[in-house]
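Values below: every heavy atom of this structure, side chains too, minus hydrogens, waters and symmetry copies. Quantities reported herein were computed from a predicted structural model and do not represent experimental measurements.
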Amino acid sequence: MQHIKNQDLIHLNTFHIKAIARDFFIIENEQEIPLLLNSKDLVQTTPLILGSGSNILFVNNPHRPIIQLAFKRLQILERQSDYHIIEVEAGMKWDDLVRWSVMNNYYGLVNLSYIPSTVGAAPVQNIGAYGEEVGNFITHVHIYNTERQRFETLSHKECSFGYRTSIFKTALRGKAIITRIRLRLPTKPQFNLSYRDLHFLKDNPNLSLWLLRLTIGKIRMTKLPDPSIIGNAGSFFKNPIISPEKFSTLQSRYPQVPHYQMPDGKIKIPAGWLIDRLGLKGYRHGNAGVYENNALVLVNHGNATGKEILELSRIIQSKVKQAFDIDLVPEVNIIQ
Ligand SMILES: Cc1cc2nc3c(=O)[nH]c(=O)nc-3n(C[C@H](O)[C@H](O)[C@H](O)COP(=O)(O)OP(=O)(O)OC[C@H]3O[C@@H](n4cnc5c(N)ncnc54)[C@H](O)[C@@H]3O)c2cc1C
């Protein structure tokens with residue numbers, strides 16, 4: 001275990017916001033978690049678990065101790081003819097796992113290529129992209145429950161996965177340190193090409209996991225700014241899900257509004273479309289801005305403070321509310 005005093009977080013969050021963590025711990029294995037939490041350094045505090053910082057906005061210097069998990073082992077637990085069960089530790093980079101799955105001919109995770117996550121953070125907001133979500137493959141999540149002070153295993157059902165949400169964002173928010181996830185990965189070919197931009201691959205006789213990964217990489221490059229060039233945390237807001245009644249009012253005013261029917265009858269509207277309709281692409285608030293190619297992404301134009309990004313997000317929320325009577329909810333975790 002390492003204890004670093006006054007750790008600069010600027011390179012540990014993809015917004016590249018300057019913030020200092022007074023106490024920063026790096027944990028090398030699961031057993032160190034209870035040791036650290038019961039030590040004099042942490043007793044009576046609620047630490048913040050930091051993955052790769054790609055879904056976090058530091059508004060101030062965090063007053064909570066920060067813990068990073070550095071363990072990253074991958075194991076195959078069971079081999080059946082049409083699926084394998086694998087278990088992966090929280091500290092592994094998400095895309096290292098996806099690349100490994102593609103190299104070893106496992107289907108499923110490929111649509112989630114290039115998401116800048118750690119494995120441990122993936123279940124938190126049930127990461128998703130191109131018609132797939134990690135929750136579709138997770139059978140169990142191993143956690144340390146900081147309230148009950150014990151290790152626990154949650155079944156898929158207990159994780160309550162939903163659109164960019166799970167129990168780790170609701171009932172267990174701040175109470176669960178995810179240590180390992182267990183996945184059931186298909187070994188027989190199955191491609192998810194349901195996303196519109198992937199339809200063209202349907203008739204391609206050369207379709208393979210590598211081709212799909214390459215295609216997704218290309219699409220992502222056109223839609224999302226590279227955080228190493230311009231600080232951002234991907235989509236800042238969740239896409240709002242509204243009632244059919246509210247949708248028909250919206251559609252009568254904007255017949256061209258894009259929308260996706262949800263299984264429960266509600267309707268999902270792209271938040272980026274709403275923001276774009278208001279002409280906010282490229283809008284700036286101090287050093288913070290709306291990305292000019294994708295209205296859903298807020299960016300740090302250089303030296304932006306967390307406060308500036310937060311203020312910009314609130315300006316957008318209030319304009320969207322005023323114009324469409326829709327509440328935008330941040331997808332990014334705001335750490336005050
Ligand atoms: C360019 C870009 C593109 C993106 N594209 C997508 C996308 O396509 N789809 C998508 O869903 N997301 C996307 N994101 C958002 C982000 O990658 C995901 O939310 C990711 O899961 C965050 O992982 P992280 O390790 O960076 O977590 P962090 O940002 O470090 O943490 C996020 C939250 O999870 C908590 N957390 C982290 N690790 C653990 C743990 N082990 N146990 C308990 N809690 C934990 C943190 O406390 C925090 O609340 C994108 C972000 C960027 C910058």
Test side chain to side chain contact (heavy atoms under 4.5 Å, CB included) applied to Ile267 and Leu250, step by step: CA-CA 11 Å; Ile267 291 131; Leu250 184 68; over 6 Å; no
Of all heavy-atom pairs between [X] and [Y], which one has the smallest distance, and what is that distance?
X: Trp94; Y: Leu112; answer: NE1-O, 3.0 Å
X: Leu9; Y: Ile20; answer: CD1-C, 4.4 Å
X: Gly108; Y: Phe137; answer: CA-CZ, 3.3 Å
X: Ile26; Y: Ala70; answer: CG2-CB, 3.8 Å
X: Pro255; Y: Ser252; answer: CD-O, 4.4 Å
X: Asn136; Y: Glu132; answer: ND2-OE1, 2.7 Å

Could you measure the distance from the [atom1] atom of [X] to the [atom2] atom of [Y]? Nearest 0.5 Å is fine.
X: Asp197; Y: Arg220; atom1: CG; atom2: CZ; answer: 12.5 Å
X: Thr46; Y: Arg173; atom1: OG1; atom2: CZ; answer: 12.5 Å
X: His285; Y: Leu312; atom1: NE2; atom2: CG; answer: 6.5 Å
X: Leu48; Y: Phe24; atom1: CG; atom2: CZ; answer: 9.5 Å
X: Ile275; Y: Gln317; atom1: CD1; atom2: CD; answer: 9.0 Å
X: Phe237; Y: Leu298; atom1: CZ; atom2: CG; answer: 5.5 Å

Using atom types as modelled and distance alone, determine if a side-chain donor or acceptor of [X] lies under 3.5 Å from a backbone N or O of [Y].
X: Thr170; Y: Ser166; answer: yes
X: His199; Y: Ser194; answer: yes
X: His156; Y: Gly135; answer: yes
X: Asn239; Y: Ala271; answer: yes
X: Ser54; Y: Pro116; answer: yes
X: Asn38; Y: Pro34; answer: yes
X: Asn300; Y: Gly302; answer: yes
X: Asn294; Y: Leu224; answer: no
X: Asn29; Y: Glu32; answer: yes
X: Glu89; Y: Arg73; answer: yes

Residue pair Tyr144, Leu37: steps toward the side chain to side chain contact (heavy atoms under 4.5 Å, CB included) verdict: CA-CA 11 Å; Tyr144 183 80; Leu37 295 184; 3.5 Å; yes
Among Thr305, Ile17, Ile334, which residue satisfies the side chain to side chain contact (heavy atoms under 4.5 Å, CB included) criterion with Val59?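 It is Ile334, the one option of Thr305, Ile17, Ile334 that forms the side chain to side chain contact (heavy atoms under 4.5 Å, CB included) with Val59.
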State yes or no: do [X] and [Y] share one hydrophobic cluster built from I, L, V, M, F, W and Y residues joined by side-chain heavy-atom distances below 4.5 Å, directly or via other members?
X: Leu274; Y: Val297; value: no
X: Val329; Y: Tyr163; value: no
X: Tyr283; Y: Leu57; value: yes
X: Val290; Y: Phe236; value: yes
X: Leu74; Y: Ile127; value: yes

Count the heavy atoms of every other residue, nucleotide or ligand shown that sit under 6.0 Å from [atom1] of [X], and state whether that count exceeds 12.
X: Glu292; atom1: CD; answer: no
X: Gln322; atom1: CD; answer: no
X: Lys281; atom1: NZ; answer: yes
X: Met262; atom1: CE; answer: yes
X: Asn145; atom1: CG; answer: yes
X: Lys307; atom1: NZ; answer: no
X: Lys72; atom1: NZ; answer: no
X: Lys93; atom1: NZ; answer: no

Classify the ring geometry between Tyr195 and Tyr130 as parallel (under 30°), tilted (30 to 60°) or perpendicular (over 60°).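 If you compare the ring of Tyr195 with that of Tyr130, the planes turn out perpendicular.
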Mind checking whether Trp273 and Phe324 have parallel, tilted or perpendicular rings, split at 30° and 60°?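 Rings of Trp273 and Phe324: tilted, 30 to 60°.
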Does a side-chain heavy-atom distance below 4.5 Å link [X] with [Y]?
X: Pro123; Y: Ile138; result: yes
X: Val332; Y: Ile309; result: no
X: Thr187; Y: His84; result: yes
X: Leu12; Y: Gln7; result: yes
X: Thr215; Y: Phe200; result: yes
X: Leu172; Y: Leu154; result: yes
X: Gln256; Y: Arg277; result: yes
X: Lys175; Y: Arg148; result: no

Might you work through the side chain to side chain contact (heavy atoms under 4.5 Å, CB included) test for Ile177 and Leu69, ending with a clear yes or no? CA-CA 9 Å; Ile177 301 180; Leu69 308 179; 3.9 Å; yes
Checking side-chain polar atoms at under 3.5 Å, does His142 have a donor or acceptor matched by the opposite partner on Thr153?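 Short answer, yes.
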Of all residues at least two apart in sequence or in a different chain, which pass the salt bridge (charged side-chain N to carboxylate O under 4.0 Å, His left out) check with Arg196?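 Salt bridge (charged side-chain N to carboxylate O under 4.0 Å, His left out) list for Arg196, sorted by chain: empty.
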Go through the steps to decide whether His259 and Ile242 satisfy the test side chain to side chain contact (heavy atoms under 4.5 Å, CB included), and finish with yes or no. CA-CA 10 Å; His259 57 280; Ile242 60 176; over 6 Å; no
Under the rule for ring-ring contact (aromatic ring centres under 6.0 Å, His included), what residues qualify as partners of Tyr107, not counting sequence neighbours?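 Listed in chain order: Phe191.
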Less than 6.0 angstrom from the centroid, inside 45 degrees of the normal: does Arg213 satisfy that with respect to the ring of Tyr114?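 The answer is yes; both the distance and angle limits are met.
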Charged N to carboxylate O under 4.0 angstrom, Glu87 versus Arg182?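 Answer for the salt bridge query: yes.
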Of the options Lys238, Glu331, Glu133, which is the one that meets Gln125 in a side chain to side chain donor-acceptor pair (under 3.5 Å)?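 Answer after filtering Lys238, Glu331, Glu133: Glu331.
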